[in-house]
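Working notes, structure below.
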Amino acid sequence: MSTNVILLGPPGAGKGTQAKVLVEQTSLAHVASGDLFRAALRDGTELGMLAKSYMDRGALVPDEVVINMILERIQAPDCAEGVVFDGFPRTKEQAVALEEALAKQQSSIDVVLYLGVPSDVLLRRIGGRQTCKTCGATYNRYYFPSHRPGICDACGGELYQRSDDTLETAQHRLDVYFGQTMPLIEYYQRQGILHEIDGQREIMWVTEMMLKALNQYLPTSA
Ligand code: AMP
């Protein structure tokens with residue numbers, strides 16, 4: 001039996017940060033659609049080039065492309081005990097495709113952790129976001145700065161700002177979220193698996209709440 005968790009929430013809600021901590025403390029694999037697209041782009045693949053044309057505009061990559069990529073990814077051995085989905089699903093079509101694929105493996109989504117954060121906070125979080133080129137650690141210029149500006153505390157790598165984290169693109173990504181992804185809140189609420197957590201609170205508090213909500217579904221106690 002595997003444990004499958006979806007982290008749902010707007011861009012900038014802290015899904016990536018929390019997913020990294022959750023996978024460190026459990027046996028689950030981190031599957032982040034945005035990270036997979038950015039890796040494909042770094043590798044110069046056709047998928048990466050295709051995704052870039054959407055990501056640069058803050059638009060969603062077509063469902064079929066994302067779904068194929070994720071369904072292939074979850075076949076990997078590291079996903080055997082379960083997955084923390086981060087940034088996927090983002091549309092009803094993606095949610096249904098995931099459910100159907102998991103059902104074929106006698107599995108399902110156990111819990112959806114929804115991180116709620118108001119828009120003004122999100123824009124500031126996204127605008128300040130910095131990522132390490134080497135190890136992928138994330139910082140925020142305003143809320144969680146690195147000790148030396150532009151340098152990763154963990155590995156000394158160079159920090160960069162994602163090209164889709166500019167104010168204009170971020171605003172568009174939020175609009176896309178409100179239009180296309182927010183309906184999933186009600187969708188999972190109706191299934192009785194939505195668990196809401198206040199994403200405005202400190203990182204450690206949010207992690208604690210997530211682990212508490214997850215605990216009953218984990219094969220080994222977190
Ligand atoms: P993220 O890193 O999750 O903020 O995703 C960055 C960008 O990748 C998004 O703005 C979309 O262009 C694309 N993307 C990531 N996940 C999805 C998804 N599930 N469906 C469609 N597009 C996605």
Side-chain angles (χ1 to χ4, degrees), residues 4-20 22-23 29-43 45-74 79 83-102 109 112-115 117 119 121-133 136-140 159-185 187-188 199:
N4 295 296
V5 188
I6 292 173
L7 299 191
L8 186 63
K15 300 187 297 295
T17 304
Q18 293 298 338
K20 280 180 196 141
L22 288 184
V23 300
H30 182 195
V31 173
S33 39
D35 288 352
L36 292 172
F37 285 134
R38 282 183 288 276
L41 186 59
R42 271 197 304 276
D43 294 344
T45 67
E46 216 171 289
L47 173 71
M49 303 309 272
L50 174 77
K52 182 178 166 28
S53 61
Y54 295 92
M55 292 168 86
D56 282 350
R57 291 183 278 128
L60 292 187
V61 176
D63 282 336
E64 195 191 292
V65 176
V66 192
I67 290 167
N68 286 340
M69 175 180 78
I70 295 290
L71 297 192
E72 192 187 323
R73 171 68 184 89
I74 62 176
C79 296
V83 172
V84 175
F85 291 96
D86 162 9
F88 180 91
R90 263 174 155 98
T91 65
K92 173 93 182 297
E93 288 69 21
Q94 295 177 17
V96 171
L98 178 62
E99 254 164 58
E100 287 174 358
L102 290 175
I109 299 296
V112 178
L113 301 174
Y114 166 56
L115 286 174
V117 180
S119 297
V121 178
L122 291 172
L123 282 175
R124 200 166 154 81
R125 279 193 186 179
I126 297 172
R129 186 149 69 180
Q130 293 177 306
T131 309
C132 174
K133 269 187 184 166
T138 48
Y139 299 86
N140 190 289
L159 303 183
Y160 75 101
Q161 184 178 30
R162 276 169 47 176
S163 59
D164 60 347
D165 275 349
T166 59
L167 196 62
E168 199 184 38
T169 314
Q171 181 61 60
H172 184 58
R173 285 163 61 208
L174 282 183
D175 293 343
V176 169
Y177 169 79
F178 290 124
Q180 308 212 54
T181 307
M182 255 181 84
L184 290 182
I185 296 173
Y187 179 75
Y188 288 122

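Numbering of ligands and ligand atoms starts at 1, following listing order. What you are looking at is a predicted structure, and each value in this text was computed from that prediction instead of being measured. Because only heavy atoms are used, hydrogens play no part in the values below, and waters and symmetry mates are left out as well, while side chains stay in.
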Set of residues that line ligand 1, where lining means a heavy atom lies under 4.0 Å from it: S33, G34, F37, R38, M55, A59, L60, V61, V66, G87, F88, R90, Q94, R162, D164, R173
R125 side chain to A13 backbone, donor-acceptor under 3.5 Å: yes
Any donor-acceptor N/O pair, K20 side chain to G136 backbone, under 3.5 Å: yes
Whether Q161 side chain and G127 backbone form a donor-acceptor pair below 3.5 Å: yes
Distance-only side-chain donor-acceptor flag, E72 / N68, under 3.5 Å: no
Qualifying residue, where the test is side-chain contact (heavy atoms from CB on, under 4.5 Å) with Q94 and the options are I70, T181, I67: I67
Donor + acceptor pair across side chains of D164, T169 (<3.5 Å): no
